[in-house]
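Note that the coordinates shown come from a computational prediction; the quantities given were computed from them, not determined experimentally. Residue numbering restarts at 1 for every chain, and letters A, B, ... go by the order of the sequence lines.
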Amino acid sequence: MNTRIFSRLTLFAFLTLAAACSEFEPAARESDTLLDGPVEGLSEAENQHFLKGDAAFNTDVFTSANGLGPLFVATSCGSCHAGDGKGHPFTTLTRFGQSDERGNLFLTMGGPQLQHRAIPGYTPESIPSGAPYSKFTPPANTGLGFLDAVADEEILSWADPDDLDGDGISGVANWIRLKGYVTPREGSVEKDEKYIGRFGKKGATYDLLQQTVTAYNQDIGITTTYEPYDTYSGLETDPEIPNQRVNDVVFYLKTLKAPIARGEKDELVSGAQIFSTTGCAKCHRPEMKTGNSSINALAHKVFAPYSDLLLHDMGPGLDDGYTEGSAKTYEWRTPPLWGLGLSKNSQGGKYFLLHDGRAGSIEEAILLHGGEAAQVKDRYVSLSADDKTKLIQFLENL
Amino acid sequence: MKRPLLFGILLLLLLNFRASGQIDSTLLRRTPKDTTKLLLNMDAVYNRPFLSVGKVPVAVGGYVEANWQHLGTDGVSEGHQFQMRRLTLFIASTISRRIKFLSEIEFEDGTKEINIEFASVDFEFHPLLNLRGGVIMNPIGAFNQNHDGPKWEFIDRPVSATQMLPATWSNVGFGLYGKLYKKDWVYAYEVYLTNGFDDQIISNTQNKTFLPATKLNTDRFEESFNGEPLITAKVALRNKRIGELGLSYMGGVYNKFQEDGLIIDKKRRVDTWAVDFTSTVPATNTYIRAEWAFVHVDIPDSYSQQYGKRQVGGYMDVVQPIRRGSLLGFEKSVINAAVRIEYVDWNKGTFIETGGNIREDFFSVVPGISWRPTSQTVVRLNYRYNWQVDILGNPASKTAGFQFGFSSYF
């Protein structure tokens, strides 16, 4: 080949390559198929804070050299919440020791959480004989900041402990005592020195700071100034991560975006109507509004979590005999349904639904509803096949 | 203590070059490659283009590699990256007719990592019985001993060889090796006892069983982590017409099981096996190089399943010369088309909780084109496409992009 032609062709090829190289790289997934990413409207400084929390949550891996265990459940935050979605039974938590409002009677025997893994040379915990227990599959992290910013009055406005409206649904708040390091939100409602818990399967966690430091401590075996007691020895130890790291993760969790609904609009409208007429929406409320927030992007926003953050009697089928806070063993906090259809993308291609992942499909999860939800389930059972399909499609696209 | 020593060696080298610059360059002599014998992967450390001065019994050499790349993962790219991957220096010396020394000092990513990868004295008692001692490269697989950049058509080293197996993997120790030539065949063995791994292989920030994590322990050239030797053994055979087949094993206790005379854990082993094959198809001159390896680590059942007990992976490179001859004034240049396929399953097993497969696997395809203006220099253009699946088997994370760079002996 003529040298001059070869040189020119090579130069042209490289210039083309340098200019167009991005075209040969994998495209970003559609944002409505992802659960991670920040809420819209963060400032540049907030974006930087989000990225620090993102790194701490998804990149930090704990080993025996930097504080893991010695007893633990998982080695990182991301192990339980792949892509910020629902977790897999591999990292299911086992809580034990409490069956009523007397509190946890097994705190001196390793409660409230089982650390069933241990670094080599150590023996992991087992559930003490006679202790009631329940298994909790890790929830999705998305949109937690919106849920955190809802005013207590709004949550209480949906409660109907005595079922005064006679619809068979009687949501109640889980009134909990606050940990010493937790500061009540502005305008919080207090009752007998207790406050409304809104996070966790039983709604026994007040806010995302408590959620974060408890997870570090009980899931990974990491002590902080907030939770300074080692889960193995029970002794107070030096903090294994700084407060700044905790704050970064809390900020990250607060500013993760809410899941984006997908699907054709007509299908969503049709499915939403069935969702409402069957009574699902009485607990899985499609609309909420945030109150004040120090993060502008979260303040006074209307959003659609499909939850009421209240406890409901789910019947004997879902009564594991274990509870937290003031909840009864058969009561569960209404889990948000947003992002439900994306669960498979974080659970290894299968559904593991309900509190312990026992339901392998959305329909199975519906059919396992009991207690207050029994009549709603019955209405679902009596739907036509077409309407059932529309409803399931609607749920998958939330 | 190690860095000043390395800088001292470098300074001496530079002074040597400076002194060489004052003499007639025709006195600089390339040590010709030995092409009279059947060479094996184990010969790679000495089968390099060294440069010597006059009758001085010291030869020096090295290679350098640098590249540009633009990779993106699921729509996010770090943009244009320019990387100085390696500067490697060799010093070889013939101490006597049957005693020789060779060292290889590598600077990776600028000065981010400075390693003595090889520094051994070889005593030849008989072709079948040679003693090697010092910092040796454990002969697991083929890549670890035959890793020089200019020999490869790909900018990235094989993932299975460098991240599952820990190439480049060097340790202090002693061992024996030998070769037997019979007509078109050569048979060879190597066996070494060295310091070994440590418990970082199952306790690291990669969050997976990761043998290279031990390389963070810079004390391993001074003391064994647990006092148990790592055994590495390889047998290889080569036929002039068919190619080379190697079978290798490396294993030992990786954890600290006692301290100050107290038992703190049971002895836990890591065992690795590899098979490698190298051949050239005579009819087409197609060059094929493949390696497949297995890792087994004794991990307590009560530890996290995040750390796999079994790993498996390998790669295959196919290189096809498509043009030989003069190009841009380089008389003996060669243009090759090449492709690499590689796969690693970081965690082979099933979840205790569900019985489902544990994934955590990696697959990549890397087509490329290379130009060798001389036999010692390669200019490479690669297009890499990776699929990385997490431990649960969620949708794969995809990474792809172009890489362009060179690697050259000097």
Discussion item. Under 4.5 Å from any heavy atom of chain B, what part of A/A82 do you find: side chain, backbone, both or neither?
Written reply: side chain
Practice prompt. Would you name the heavy atoms of B/Y307 and A/T63 that are closest together and state the gap between them?
Written response: OH-CG2, 4.3 Å
Worksheet item: Atom CZ in A/F62, atom OG in B/S203: separation rounded to 0.5 Å?
Response: 12.5 Å
Discussion item. Counting only non-hydrogen atoms closer than 4.5 Å, can you tell me which residues of residues 354-365 of chain A sit against chain B?
Written reply: none
Worksheet item: Would one find more than 12 heavy atoms of other residues, nucleotides or ligands at under 6.0 Å from atom NZ of B/K398?
Response: no
Item to complete: Look at atom NZ of B/K309 and say whether more than 12 heavy atoms of other residues, nucleotides or ligands are closer to it than 6.0 Å.
Response: yes
Fill in: Part of B/I352 within contact of chain A (heavy atom distance under 4.5 Å)
neither
Practice prompt. Inspect the surroundings of CG in B/D301 and state if more than 12 heavy atoms from other residues, nucleotides or ligands are less than 6.0 Å away.
Written response: no
Fill in: Atom CD of B/E78: over 12 foreign heavy atoms under 6.0 Å
no
Worksheet item: For B/F404, is it the side chain, the backbone, both, or neither that has a heavy atom closer than 4.5 Å to a heavy atom of chain A?
Response: side chain
Discussion item. Within this structure, what is the OH-OH distance for the pair B/Y303 and A/Y122, rounded to the nearest 0.5 Å?
Written reply: 13.0 Å
Discussion item. Please rank A/G121, A/P124, A/S346 by heavy-atom pairs under 4.5 Å with chain B and give me the top one.
Written reply: A/S346
Item to complete: Go through B/L328, B/N207, B/T205 and name the one with the most non-hydrogen pairs under 4.5 angstrom from chain A.
Response: B/N207
Worksheet item: Heavy-atom count around B/K256 NZ within 6.0 Å, excluding the residue itself: above 12?
Response: yes
Worksheet entry | Closest non-hydrogen atom pair, A/H88 against B/F351 | CE1-CD1, 3.8 Å
Fill in: Residues of residues 381-397 of chain B contacting chain A, heavy-atom criterion under 4.5 Å, by residue number
B/L381, B/Y383, B/Y385, B/D390, B/I391, B/L392, B/G393, B/N394, B/P395, B/A396, B/S397
Worksheet entry | Over 12 foreign heavy atoms within 6.0 Å of CD, A/Q244 | yes
Fill in: Sub-6.0 Å ring centroid separation between B/H70 and A/F24
no
Worksheet entry | A/F12 atom CZ, over 12 foreign heavy atoms within 6.0 Å | no
Worksheet entry | Options A/R117, A/E23, A/H116, ranked by heavy-atom pairs under 4.5 Å with chain B, top entry | A/R117
Practice prompt. Write down the atom of A/V61, the atom of B/N204, and the distance for their closest heavy-atom approach.
Written response: CG1-O, 3.5 Å
Worksheet item: So among B/D298, B/I264, B/D265, which one has a side-chain contact (heavy atoms from CB on, under 4.5 Å) with A/P120?
Response: B/D265
Response to the item:
Checked B/V76, B/T73, B/L71 vs chain A; the most non-hydrogen pairs under 4.5 Å come from B/L71
Fill in: Interatomic spacing from OG1 in A/T75 to CD in B/Q305 - rounded to 0.5 Å
11.5 Å
Discussion item. Any donor-acceptor pair under 3.5 Å linking the side-chain atoms of B/Q306 with those of A/S79?
Written reply: yes
Worksheet item: When you look at NZ of B/K348, are more than 12 heavy atoms from neighbouring residues, nucleotides or ligands closer to it than 6.0 Å?
Response: no
Worksheet item: With only heavy atoms counted, which part of A/Q347 is less than 4.5 Å from chain B, the side chain, the backbone, both or neither?
Response: backbone
Worksheet item: Which region of B/N255, side chain (C-beta onward) or backbone (N, CA, C, O), has a non-hydrogen atom less than 4.5 Å from a non-hydrogen atom of chain A, or is it both or neither?
Response: neither
Item to complete: Under 4.5 Å heavy-atom distance to chain A, tell me which part of B/F402 shows up: side chain, backbone, both or neither.
Response: side chain
Fill in: Nearest heavy-atom neighbours spanning A/E25 and B/S77
OE1-CB, 3.7 Å
Worksheet entry | Residue A/K344 versus chain B: region with a heavy atom under 4.5 Å | backbone
Fill in: Heavy-atom pair with the smallest gap, counting every atom of B/S304 and A/F90
OG-CZ, 4.2 Å
Worksheet item: When only pairs under 4.5 Å are counted, which of A/A28, A/S22, A/P26, A/A118 shares the most heavy-atom pairs with chain B?
Response: A/P26
